[in-house]
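Sequential numbering from 1 along the given sequence is applied to the chain's residues.
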Amino acid sequence: MMTATRPDQTLDDLNQPKPWSGINAYRSDPLLTDVASGLPKALRDDFDGLGRYVTSPEAQDLARMANQGVPQLRTHGPRGERLDVVDFHPAWHALMRRSMTAGLHSSVWENIPDERGHAHKARAIRFYLTAQLESGHLCPLTMTSASLAAMAATPMVQKEWAPKILSRKYDASNRPFMQKSTVTVGMGMTEKQGGTDVRANVSTAERVGEGIYRLSGHKWFMSAPMSDAFVMLAQTREGLGCFLVPRLLEDGSANGLRFQRLKDKLGNRSNASSEVEFSETFGFILGAPDAGITTILDMVTLTRLDCALSSAGMMRASLAEAVHHTRGRSVLGRPLVAQPMMTRVLADMALDVAAASALSFRLADAFDRARDSAEEAAYARIMTPVVKYWVCKTAPTLIAEAMECLGGNGYVEERPIARHYREAPVNAIWEGSGNVMALDVLRVLKRGRELFEALFEIIGRDLGPAARKTIDVLRAAILLCERDEGAARLLVEQLALAAAAAELYRLGAGRIADAFMESRLAAGWRSTYGMLDSRFDSAIIVDLLYPASS
């Protein structure tokens, strides 16, 4: 016989906690407020407002609708004319408008008084909070911000395009660059035959004027196809070059870009990714005609930081939702969060979220200080691929475990955690997969071994008594990699864990740092969460990092 909810039955009777919503994502995160504590009050107030917004029911609805109403490609118009435009749900535009107003696409280049000396860190906090709402729309904002690093290789191009990029007035109109108040920039590197190996690219570029080339070829992945321009790689007569390619010409006509289809992706569904063919397509050279990889790597470095921040933010939101659920659901006569195994699982995950977040913010710090400190420059160079590798690889497994804490309640599309789970793998793939990150670390090892000594100085200073043994292990891993390239992932993971523990100690998270250090660096190999040793008080770890009042 079917049963129904009694008319007098309350939500409390259903043993179902309220949705995780309306909880300030900034104020409820003690580690984040500690990271921000040294920043000006105006910035902290800004983070507070953003923390309220990202968990509000209104914002959550925008995120849901932007992912349900996926982008649609219109290749042709009613007369058979070529259109090549992508239509987005209004919720996407609302998210873009809010994030561009916050400067996620521009703030590190704006020389804002309150952010001088910590522009990357301030933006990292905003990006991390926004990722807890919706990460798909962050893709074009990441590329737009990072594109200025590539444009710096050709100052005349940068001078012309920077004012439009630095504007915070969102302009989604389909008009030429000169007629718009703000522009966004996408990216096209990957081709069918080469994939990650961009040196195998076959797209070509012929010089037709001073700094102007005509491009032909295809891109297997071109992110954010409704951007106003794209940073692309193509073969010149001298070698692989990097170009800024407008989507429309000055008269409003198409610049030879013909979109073939949009990718039907596992996640990242609010954002469009495309396959494109192009011919008679004009672009501006960025840097020397044979320095394309060097030029675009300046852009890629910044996007890798964003990959880590996005993954860390999604992990934080997913575990916060799981903790909230387990506190509000009763099992066998007591809250689920108080059941011994559940407590230990949550605490174990909380350590990784804290470490991933701390490590990502530490990398942003290094970006801010690299120009004035050789030690920080070494940290940024080595740790960018390391942080991107470890944080982005941790996210899918952790979010899946957090989903399991909710049981069937987590495996439904009404919950944000389902969206985070689908989204999580993309950051490990985008801007270089795990092996590419490990090879990048090996590249530093071959060309600048002394940079590792500078990194070890930082890690050793912050780790305290455990420093000597930990650094000995890292040096042994380096020696192994010099003999066996296939062992590179071991070095990368050990670097990530050591640096994360060091940063947790530096932040004063002693109890958390102790538990992370002992369970990740001193313990044996493990493959699932919930293996935290009983000598660490799991309930205290959960309460410290996820206060019940939140």
Side-chain angles (χ1 to χ4, degrees), residues 24-41 43-45 47-48 51 117-118 120-122 124-125 128-129 308-309 312-313 315-316 319-320 323 346-369 373 375-376 379-380 383 386-387 390-391 394 455-471 495-522 532-533 535-550:
N24 192 313
Y26 172 69
R27 286 183 176 267
S28 64
D29 188 342
L31 186 142
L32 183 57
T33 54
D34 281 351
V35 166
S37 61
L39 298 177
K41 184 177 183 300
L43 284 180
R44 288 182 277 119
D45 289 344
F47 304 151
D48 186 57
H118 36 247
H120 284 285
K121 183 176 180 178
I125 293 172
Y128 173 85
L129 287 168
L309 290 165
M315 282 194 279
R316 172 72 199 188
L319 187 51
V323 172
L346 293 169
D348 212 3
M349 286 193 286
L351 295 178
D352 272 357
V353 176
S357 303
L359 198 53
S360 300
F361 294 129
R362 177 64 182 88
L363 182 58
D365 255 341
F367 280 21
D368 280 323
R369 295 185 283 186
S373 166
E375 197 176 68
E376 291 296 323
Y379 191 102
M383 292 305 296
V386 169
V387 174
W390 184 73
V391 175
T394 300
L455 173 64
F456 293 162
E457 184 67 26
I458 295 174
I459 292 175
R461 194 164 56 232
D462 295 331
L463 267 184
R468 183 174 178 180
K469 183 178 179 181
T470 301
I471 291 173
L495 282 169
L497 296 174
E503 181 60 10
L504 288 171
Y505 279 118
R506 193 189 70 83
L507 290 171
R511 195 176 305 187
I512 303 300
D514 286 343
F516 182 83
M517 181 87 175
E518 289 292 325
S519 57
R520 272 62 175 173
L521 283 165
L532 195 61
D533 194 285
R535 70 180 183 277
F536 300 110
D537 192 322
S538 296
I540 288 180
I541 291 172
V542 173
D543 288 341
L544 281 174
L545 293 171
Y546 297 83
S549 59
S550 67

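At most 12 non-hydrogen atoms from other residues, nucleotides or ligands lie less than 6.0 angstrom from CZ of R511. Within a 6.0 Å sphere centred on CZ of R535, heavy atoms belonging to other residues, nucleotides or ligands number more than 12.
Looking only at distances, no side-chain donor or acceptor of S357 sits under 3.5 Å from a matching main-chain atom of A354. Within the 3.5 Å criterion, the main-chain N or O of R369 finds no donor-acceptor partner in the side chain of S373. A donor-acceptor distance shorter than 3.5 angstrom exists from the side chain of D368 to the backbone of H120, with no hydrogens or angles considered. K121 places a side-chain N or O within 3.5 Å of a backbone atom of V35 that can act as its donor or acceptor partner.
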Take L504 and D462 through the test side-chain contact (heavy atoms from CB on, under 4.5 Å) and record every step on the way to the result.
CA-CA 9 Å; L504 288 171; D462 295 331; over 6 Å; no
I would like to know whether F516 and L497 meet side-chain contact (heavy atoms from CB on, under 4.5 Å); could you show each step before the answer?
CA-CA 9 Å; F516 182 83; L497 296 174; 3.7 Å; yes
Derivation and outcome, side-chain contact (heavy atoms from CB on, under 4.5 Å), residues V391 and M315:
CA-CA 9 Å; V391 175; M315 282 194 279; 3.9 Å; yes
Report the C-alpha separation of E375 and I458 in whole Å, then their side-chain angles, then the decisive distance to 0.1 Å, and conclude whether the side-chain contact (heavy atoms from CB on, under 4.5 Å) test is met.
CA-CA 8 Å; E375 197 176 68; I458 295 174; 3.5 Å; yes
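The two residues L129 and G51 have their closest heavy-atom pair at CD1-N, 4.4 Å. Nearest heavy-atom pair, W390 versus A496, reported as atom, atom and distance to 0.1 Å: CB-CB, 3.4 Å. Contact detail for I541 and A350: the closest heavy-atom pair is CG2-CB, 4.3 Å. A498 and T470 make their closest contact through CB-CG2, 3.7 Å (heavy atoms, listed as atom of the first residue, atom of the second, distance). Shown here for L544 and P30, the closest heavy-atom pair between the two residues is O-CG, 3.2 Å. Taking all atoms of both residues into account, the shortest heavy-atom contact from F47 to A122 is CE2-O, 3.7 Å.
A distance of 11.5 Å separates CD1 of I540 from CG of L545, quoted to the nearest 0.5 Å. Between the CG atom in L319 and the CG atom in D348 there is a gap of 10.5 Å [rounded to 0.5 Å]. For the atom pair CD1 of I459 and CG of L495, the computed distance is 6.0 Å after rounding to the nearest 0.5 Å. A distance of 12.5 Å separates CZ of F456 from OH of Y379, quoted to the nearest 0.5 Å. With rounding to the nearest 0.5 angstrom, the CZ atom of F536 is 6.5 Å from the OG atom of S519.
A salt bridge does not link R44 with D48: every distance from a Lys NZ or Arg NE/NH1/NH2 to an Asp or Glu carboxylate oxygen is 4.0 Å or more.
A cation-pi arrangement is absent between R316 and Y128 under the rule of less than 6.0 angstrom and at most 45 degrees off the ring axis.
For D514, the side-chain hydrogen bond (donor to acceptor under 3.5 Å, both in side chains) partners are Y505, not counting sequence neighbours.
Under the 4.5 Å side-chain criterion, counting only non-hydrogen atoms from C-beta, R468 is not in contact with L463. Contact check for L532 versus L351: side-chain heavy atoms found under the 4.5 Å cut-off.
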